[in-house]
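Structure record follows, encoded as structure tokens.
For clarity, every value in this text was computed on a predicted model and none was experimentally measured. We're numbering straight along the sequence, starting at 1.
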Amino acid sequence: MPPNMRKFALILLTSMVCVLSMAQNEEIVFTPQWTAQAQFAGYYAALEKGFYKEAGLKVTIKHPSPSNSSVNMLKEGKANFITIYLVAALKSVAEGVPMIHLLQTSQNNSQMIISHKPLKDINSLRGMRIGRWKMGYMEFGQVVENLYNLNIKWIPFVQNTNLYISGAIDATMGMSYNEYYQLMMAGQKIDKGHTLYLRNISFNVPEDGLYVSADYYEKHPKEARKFAEASKRGWEWVAKHPEEALDIVMKFTKANHINTNRAAQRWMLNDILDVMKDPKSGQRTYQLKESSLQKANRMLMQAKLIEKPITYQQFTRP
């Protein structure tokens, strides 16, 4: 090969390596659906322990704001990957948000209704003033009300402890890993007769999952899979090293100016890891069962929140 040709070939090879290197180091933005807390410990661990970096990924975690949800950030192109509830994801896809399911971390429903008055059954909620989250998490509440025609008056909140304690609301929606603990720590005596777990009234549909924008997936399918696998690795590490994982969680809550403490985050992490276990096998599978997808579709259709089911083929990729 003539010297000029060798020089040209070397320049071309160097350029190709640079392009590949730039593509590999392109920043990936991940946005969980809420503020910094142990609910997202696996993703924090994957970042802090270098699992994303080992997969050749440059990842930044950006939490949503009270006025801009993770789904909105995905729609606006401000996030490549997000977490969101299964029912919320199905509703978003039905509304035209192009995203793809990658990983199902939660396998159970952790939502509950906490009431000042005893709750005999679902009909005890009829006509109540019930607090619900101002941003997100409200789909299950809508499903319950619409299916049973309960005439609930929903009171939106960002933080519900004071609303509940003051008696401004009759009951509140909450998570077993979060609001339930907050109310107990605030001195509220809440026994089983004053709580209604949605998983115990035929609403045990998985919650948190990992999603990617369809545009990013079509352009970078390998990177999307690598992100999912590294995230799974993060969660498995957390399950084996819970106290070290809490160190990482507290680092993120401090950096994001979240008012919390280690005891609250430990309660949350323990409950989250439990919610992640398959109810039959007791294992963390990270898989979305087609039967769970069908159940979520039926609920949303019965409540008239979607018009037709979202198929497994629409929702996932092989």
Original post:
When the ring planes of Phe252 and Tyr44 are compared, do they come out parallel, tilted or perpendicular, using 30° and 60° as the limits?
Top reply: parallel
Subject >> Contact check, side chains of Ser231 and Leu210, non-hydrogen atoms, under 4.5 Å >> reply: yes
**OP:** Give a yes or no on whether a salt bridge exists between Glu48 and Lys251, defined as a side-chain N under 4.0 angstrom from a carboxylate O.
**Re:** yes
**OP:** Indicate, with yes or no, if Met250 and Trp34 share a hydrophobic cluster defined by side-chain heavy-atom contacts under 4.5 Å among Ile, Leu, Val, Met, Phe, Trp and Tyr.
**Re:** no
Original post:
Rounded to the nearest 0.5 Å, how far apart are CD1 of Ile310 and CG of Leu293?
Top reply: 8.5 Å
**OP:** Verify, without hydrogens or angle tests, whether Asn256 (side chain) and Ala36 (backbone) share a donor-acceptor contact under 3.5 angstrom.
**Re:** no
**OP:** Compare all side-chain heavy atoms of Val143 with those of Leu300 and state whether any distance is below 4.5 angstrom.
**Re:** yes
Subject >> Minimal non-hydrogen separation, Met268 against Ala38, with atom names >> reply: SD-N, 3.5 Å
Subject >> Residue pair Pro64 / Ser70: nearest heavy atoms and the distance that separates them >> reply: CB-N, 4.0 Å
**OP:** Classify the ring geometry between Phe30 and Phe227 as parallel (under 30°), tilted (30 to 60°) or perpendicular (over 60°).
**Re:** tilted
**OP:** Describe, in one word, how the ring planes of Tyr180 and Trp267 are oriented to each other, choosing from parallel (under 30°), tilted (30 to 60°) and perpendicular (over 60°).
**Re:** perpendicular
**OP:** Report yes if the distance between the aromatic ring centroids of Phe81 and Tyr216 is under 6.0 Å, otherwise no.
**Re:** yes
Subject >> In one Ile/Leu/Val/Met/Phe/Trp/Tyr side-chain cluster, 4.5 Å: Ile258, Phe157 >> reply: no
Subject >> pair Gln37-Val249: side-chain heavy atoms closer than 4.5 Å >> reply: no
Original post:
How many angstroms lie between CG in Asn108 and CG in Asp274, if you round to the nearest 0.5 Å?
Top reply: 7.5 Å
**OP:** Indicate yes or no for a side-chain donor-acceptor contact from Glu207 to the backbone of Ser110 under 3.5 Å, with no hydrogens or angles considered.
**Re:** yes
